[in-house]
There are 2 protein chains.
Amino acid sequence: MLTPERHKLILQLLKEKGVVKIQDLVDLTETSESTIRRDLTQLEEGKYLKRIHGGAARLKGKLQEPSMSEKSSKNLQQKRQIAHYAANLVEEGDSIYLDAGSTVTEMIPFLPAKEIVVVTNGLMHIQALLERNIKTFLIGGFAKEQTKAIIGRGALASLENYRFDKCFMGVNGIHPQFGFTTPDQDEAMIKQMAISLSREAFVLADDTKFSEIAFAKIAELHTAAIITNELNEDQRESYSSKTTIKVVTA
Amino acid sequence: MLTPERHKLILQLLKEKGVVKIQDLVDLTETSESTIRRDLTQLEEGKYLKRIHGGAARLKGKLQEPSMSEKSSKNLQQKRQIAHYAANLVEEGDSIYLDAGSTVTEMIPFLPAKEIVVVTNGLMHIQALLERNIKTFLIGGFAKEQTKAIIGRGALASLENYRFDKCFMGVNGIHPQFGFTTPDQDEAMIKQMAISLSREAFVLADDTKFSEIAFAKIAELHTAAIITNELNEDQRESYSSKTTIKVVTA
DNA sequence: GCAAAAATCAATCATTTTCACTCAAAATAA
DNA sequence: TTATTTTGAGTGAAAATGATTGATTTTTGC
């Protein structure tokens with residue numbers, strides 16, 4: 001059983017039962033106690049759970065992206081630079097789509113306030129958008145706890161009612177051959193449709209996303225421009241012929 | 001059974017019953033008396049309870065829990081009572097609609113967790129619902145900053161896709177002649193449609209809402225049952241012939 | 001009221017469980 | 001192949017547990 005599988009299982013169990021015992025996890029995953037301990041340590045560092053004697057307990061946080069707190073501040077700086085650049089692409093009068101995701105959230109403080117209309121499926125975005133008095137529409141559909149995103153069939157149908165000047169999203173993988181990918185099929189479909197409904201599409205991604213492939217395909221590279229923080233020479237060669245890339249430097 | 005589990009259980013029991021006997025805890029947790037004693041000692045040190053001969057008692061001061069400290073006002077107490085009663089009306093397997101509003105939010109901790117489906121237009125509800133792992137669908141549409149509600153044409157269209165066993169909402173005015181009313185026309189339309197899509201409809205209202213009239217009409221009195229905290233004799237006469245009223249007392 | 005009986009208590013100790021840490025083997029990547 | 005990562009077993013330390021003891025409190029019977 002692979003590490004991400006175990007992590008997923010642990011979090012799933014934790015969500016259901018509130019607490020899990022280490023011994024149960026050992027039996028369930030058929031791995032050693034050491035491995036489970038390491039898993040728990042990692043997940044605790046990422047603020048996904050709280051370790052307790054004999055196991056782990058769910059922590060009741062607020063509506064916050066766990067991965068936000070998990071990432072280092074350097075990473076957050078990069079994200080913010082990328083987000084800032086992306087936000088400046090938005091012009092007065094635009095209607096834009098903001099996909100769920102922590103990098104996209106960082107765009108909101110930099111958006112031009114007046115005369116823009118935002119459509120989003122990101123529950124995390126809502127508060128920041130309303131605080132800035134930006135005209136905001138939320139997609140309807142199933143609320144996914146993990147990523148705080150609205151997804152599912154209803155979400156697709158809901159999204160179809162809009163058209164956008166620009167759309168912005170994060171992805172998990174960017175690959176010359178396989179294009180943009182993300183782990184969740186449902187989220188991939190939403191992103192896919194958002195791109196097709198937009199005049200221009202932008203993918204916000206730090207350098208770790210390049211050459212990665214996740215499970216579900218969103219679209220080919222040429223369908224969206226990439227905004228990133230760094231790109232080595234090899235990568236530039238592989239990608240620049242297939243799509244537009246803007247590298248934002250500090 | 002892990003230590004935090006026991007602690008949680010003890011506090012839970014204490015909150016419900018006021019006092020617990022050590023022997024009961026021993027039987028319940030299937031641990032030794034020593035362990036329970038240690039638990040009680042620790043919890044007393046943390047000011048979560050008071051030890052008494054033979055067991056433990058809830059302490060009546062404040063700050064035994066964050067939720068305690070936040071619910072200071074008498075008004076909130078009333079709301080919570082009303083909400084608690086309403087939540088108990090929900091049965092396993094129900095699909096319900098929860099309208100935006102603070103009283104309705106208070107229902108969420110009391111809802112049966114499993115096998116229910118919730119549809120809502122209340123952004124404030126989302127966090128609490130997801131924390132409880134309740135299957136949640138959000139209506140799509142315009143996000144209104146003031147009331148943190150999804151409203152507008154899109155919301156109505158989005159809502160039409162669902163059918164409910166029960167729906168719950170707050171209102172601003174209840175009047176024998178003018179029925180249920182609220183200040184915002186758009187919100188009124190949502191509530192109206194929610195009622196028409198439900199087998200049963202419930203209005204949660206404290207006593208200050210009676211004989212009030214707000215701008216926009218939602219529906220006639222007979223379309224929804226009222227759950228309230230108090231009702232004087234005159235009011236009972238005026239309303240009880242027109243609709244079902246449940247008075248929840250302390 | 002008073003003393004014996006019963007119940008509850010705090011304190012201690014031996015045992016068991018869980019812990020963090022290390023190291024070497026295995027799996028994976030370069 | 002050589003590096004790097006992941007894994008599983010072993011170690012002594014730390015924590016949690018259950019039984020026991022004798023002291024203290026409450027209840028009972030008169």
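Letters go in sequence order (proteins before strands), and every chain restarts at 1.
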Asks: Any chance you could measure B:Leu25, atom CG, to B:Arg37, atom CZ, to the nearest 0.5 Å?
Replies: 11.0 Å
Asks: From C:dT8, D:dA9, C:dA20, pick the nucleotide closest to the side chain of B:Arg37?
Replies: C:dT8
Asks: In whole angstrom, give the distance that lies between atom CG of B:Leu2 and atom C1' of C:dT18.
Replies: 10 Å
Asks: How many Å lie between NZ on A:Lys21 and P on C:dT17, as a whole number?
Replies: 14 Å
Asks: Would you mind telling me which of D:dT7, C:dC19, D:dG18 lies closest to the side-chain atoms of A:Thr3?
Replies: D:dT7
Asks: Under a 3.5 Å distance rule, please check whether A:Ser196 uses its side chain to pair with a backbone N or O of A:Met193 as donor and acceptor.
Replies: yes
Asks: Taking CZ from A:Arg38 and P from D:dT5, how many angstroms apart are they, rounded to a whole number?
Replies: 14 Å
Asks: Does B:Arg58 use its side chain to pair, donor to acceptor, with the backbone of B:Leu49 at less than 3.5 Å?
Replies: no
Asks: Rounded to whole Å, please give me the gap between CD1 in A:Ile22 and P in C:dT16.
Replies: 20 Å
Asks: Touch check for A:Ile52, heavy atoms < 4.0 angstrom, all strands: base, sugar-phosphate only, or nothing?
Replies: sugar-phosphate
Asks: Is the ring pair B:Tyr162/B:Phe137 parallel, tilted or perpendicular, if the boundaries are 30 and 60 degrees?
Replies: tilted
Asks: Looking only at side-chain atoms of B:Glu33, point me to the closest of D:dG8, D:dT17, C:dC9.
Replies: C:dC9
Asks: With distance as the sole criterion, do the side chain of B:Ser34 and the base of D:dA19 form a donor-acceptor contact below 3.5 Å?
Replies: yes
Asks: Using whole Å, report how far CG of B:Leu40 lies from C1' of D:dT17.
Replies: 15 Å
Asks: Roughly, in whole Å, what's the span from CD1 in B:Ile36 to P in D:dA16?
Replies: 14 Å
Asks: With nearest nucleotides of DNA chain C determined for A:His53 and B:Thr41 from heavy-atom distances, which residue corresponds to the more 5′ nucleotide?
Replies: B:Thr41
